[in-house]
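Each ligand, and each atom within it, is numbered from 1 in the order the structure gives. Since the structure is predicted, the reported quantities are computational estimates derived from the model, not experimental observations. Residue indices begin at 1 and follow the sequence shown.
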Amino acid sequence: MENKIILLGKIQNRQVTVGVIGLGYVGFPLAVNFASAGVAVIGFDTSEERVSKLIAGKNYISDVDDQLAGDLLSGKKLVPTTDFSLIKSCEAIFICVPTPLDEFRKPDMSFIKDACEKIGSNMKPGTFISLESTTYPTTTEDFVLPILKEKSGMKEGEDFWLAYSPERVDPGNKVFHTGNTPKVLGALNEDGLEIGEAIYKLAVDEVYTVSSPRVAEMVKILENTYRLVNISLVNELALLAGKMDINIWEVIDAAKTKPFGFHAFYPGPGIGGHCIPLDPFYLESIARKFNFELSMIHTAGHIDLLMAHRMTLKITSALNRQHKSINGSKILFLGVAYKPDISDDRESPALKIIDEVVKKGGGVSYHDPFIPSIKTGNGNKVQSVELNADTLEGADCVVITTNHSVFDAGFIEQHSKLIVDLRNLIREASDKVYKL
Ligand code: SAJ
């Protein structure tokens with residue numbers, strides 16, 4: 001009880017020192033929000049490159065205001081470091097590290113494990129710890145808690161408190177950001193919940209508490225599984241609609257007129273990003289521990305895995321209509337980011353389609369105003385080319401894989417011999433425009 005009262009007092013007086021582990025698209029905005037609230041923040045990252053950039057005042061997260069980041073960093077309100085021994089200076093720690101899938105598409109918990117070992121080895125009594133990384137339900141109590149207890153020798157609920165609060169960052173979203181997106185929070189006990197709510201309210205407008213960490217973990221997985229399943233559904237329907245000479249985009253626009261019970265998702269070349277195509281498989285893996293097969297997630301993942309191949313068949317068909325094959329053709333991809341108006345190409349479907357086209361002997365180039373160069377999963381390294389009449393006219397086929405807002409549909413259509421539009425950039429199909 002003593003530790004709790006002391007910590008709540010520090011939070012109230014903004015004398016608490018916050019540690020954020022993982023300074024990526026989740027951790028850095030959170031660190032900035034805490035620092036902006038006037039508390040001391042230490043940002044921990046294992047990447048020397050990232051920490052050096054931040055120490056030099058260079059912001060690399062486009063959703064964070066450069067000026068704000070620069071002021072906080074130069075004013076030492078937010079101190080980036082690779083020295084995890086400084087964890088001992090923190091009373092509250094937020095774990096924002098990646099949770100990728102490994103090469104066998106199984107959860108890779110190594111980043112969470114490494115962070116927890118560093119915390120357990122360095123934390124002081126009276127520390128609040130919140131896991132934010134997307135993971136399978138029961139991670140906080142069955143994976144994180146044992147490491148913290150074993151490494152620290154401390155007791156949860158007395159010497160430290162442990163909670164889970166899923167990140168809900170939507171990269172590129174101009175309306176919703178870390179501060180105005182409600183924060184779901186589940187803790188192992190009432191004291192942890194009270195402390196967690198008090199500290200999160202320094203950084204976000206609204207905290208929504210739930211009864212346990214596993215409920216909070218399941219909330220996040222539901223959010224992202226909902227997207228995976230519905231995007232895969234509309235992708236599969238798009239492929240069928242194409243065979244039935246039905247414009248799926250017209251169908252969705254019409255369905256959207258229903259004022260209740262329908263949320264529009266749009267077809268594309270596949271699901272990119274480091275969340276939607278990956279997180280649901282964390283749930284699939286833990287379900288098996290309970291002898292439970294999550295068939296919907298499995299099927300949605302299966303559909304998504306086939307999308308690159310199916311898009312390559314579309315490119316093949318379009319070229320065939322002009323008596324050409326992929327082999328020997330020049331194919332220009334427009335947009336390689338995993339979604340419009342961002343600079344992130346992780347899990348981007350464009351990279352997977354590029355690998356398929358290269359394997360078939362296609363000569364590949366791309367243009368993306370946000371991404372100057374790429375290295376695909378198969379190791380194909382390509383530099384972005386200018387988007388102009390020459391590069392368009394020089395291609396046997398132009399493939400629209402990401403519909404960045406700056407793309408001029410009319411100009412692209414005017415100067416291209418053949419277009420495969422996978423993002424509905426060009427409204428009408430024609431004898432030279434093939435749509436998804
Ligand atoms: N996509 C479609 N059709 C759609 C929607 C998306 O093809 O109708 C594609 C996108 O092009 C992209 C992929 O799916 O390649 C994922 O898009 P996304 O916006 O759902 O995913 P993220 O990873 O950028 O951000 C999402 C957040 N998105 C929204 O809420 C809109 C949210 O689910 C999470 O906060 C975040 O992942 C996360 O970190 O989990």
Is a salt bridge present between Asp114 and Lys118, judged by a nitrogen-to-oxygen distance below 4.0 Å?
yes
Could you list which atoms of ligand 1 come closer than 4.0 Å to a heavy atom of Pro171?
24 (O), 25 (O)
Filtering Asp279, Leu436, Asn224 for the heavy atom nearest atom 33 (O) of ligand 1 leaves Asn224
Record the part of His274 in heavy-atom contact with ligand 1 below 4.0 Å; permitted values are side chain, backbone, both and neither.
neither
For His263, is the nearest heavy atom under 4.0 Å from an atom of ligand 1?
no
Would you say the rings of Phe333 and His367 are close, in the sense that their centroids are separated by under 6.0 Å?
no
The answer for which part of Glu132 has a heavy atom under 4.0 Å from ligand 1 is neither
Test of understanding: given a 4.0 Å heavy-atom threshold, classify the contact between Glu223 and ligand 1 as side chain, backbone, both, or neither.
neither
Does a donor on one side chain sit under 3.5 Å from an acceptor on the other, for Thr135 and Tyr164?
no
What are the atoms of ligand 1, with element, lying closer than 4.0 Å to any heavy atom of Arg423?
7 (O), 11 (O)
Which protein heavy atom lies closest to atom 20 (O) of ligand 1, and at what distance to 0.1 Å?
Arg227 NE, 2.5 Å
Has Ser348 got a side-chain atom pairing as donor or acceptor with Val336's backbone, closer than 3.5 angstrom?
yes
Counting only heavy atoms, tell me which of Gly272, Gly273, Cys275 gets closest to atom 13 (C) of ligand 1.
Gly272
Verify salt bridge (charged side-chain N to carboxylate O under 4.0 Å, His left out) between Asp170 and Lys339, making sure each step is shown before the conclusion.
CA-CA 11 Å; Asp170 181 21; Lys339 67 179 187 179; 2.6 Å; yes
In Thr140, Ile21, Leu131, the residue satisfying side-chain contact (heavy atoms from CB on, under 4.5 Å) with Ile112 is Leu131
Tell me: protein heavy atom nearest atom 12 (C) of ligand 1, and distance?
Tyr338 O, 3.2 Å
Indicate the ring-plane relationship of Tyr200 and Phe34, choosing parallel, tilted or perpendicular according to the 30° and 60° boundaries.
tilted
Tell me the nearest of Glu167, Arg168, Lys220 to atom 34 (C) of ligand 1, using heavy-atom distances.
Lys220
The protein heavy atom nearest to atom 21 (O) of ligand 1 is Ile276 CG1, 3.5 Å
Between Tyr226 and Phe265, ring centroids under 6.0 Å:
yes
What atoms of ligand 1 come closer than 4.0 angstrom to any heavy atom of Phe265?
8 (O)
Indicate yes or no: does Glu206 engage Lys183 in a salt bridge with an N to O separation below 4.0 Å.
no
List ligand 1 atoms under 4.0 Å from Ile271, heavy atoms only on the residue side.
13 (C), 14 (O), 15 (O)
For atom 8 (O) of ligand 1, tell me which residue out of Tyr226, Tyr25, Tyr266 has the closest non-hydrogen atom.
Tyr266
Option nearest atom 35 (O) of ligand 1 (shortest heavy-atom distance, choices Asp344, Val169, Val26)
Val169
Looking at Arg50 and Asp45, does any basic side-chain N land under 4.0 Å from a carboxylate oxygen?
yes
Any donor-acceptor pair under 3.5 Å linking the side chain of Ser430 with the backbone of Lys432?
yes
Could you tell me the residue and atom name of the protein heavy atom closest to atom 19 (O) of ligand 1, and the distance to it rounded to 0.1 Å?
Lys339 NZ, 2.9 Å
What atoms of ligand 1 come closer than 4.0 angstrom to any heavy atom of Asp170?
19 (O), 24 (O), 25 (O), 27 (C), 28 (N), 29 (C), 31 (C)
Answer with yes or no whether the side chains of Asn189 and Glu156 bring together a donor and an acceptor at under 3.5 Å.
yes
Residue, atom and distance of the protein heavy atom nearest atom 1 (N) of ligand 1 read Ile231 CD1, 3.7 Å
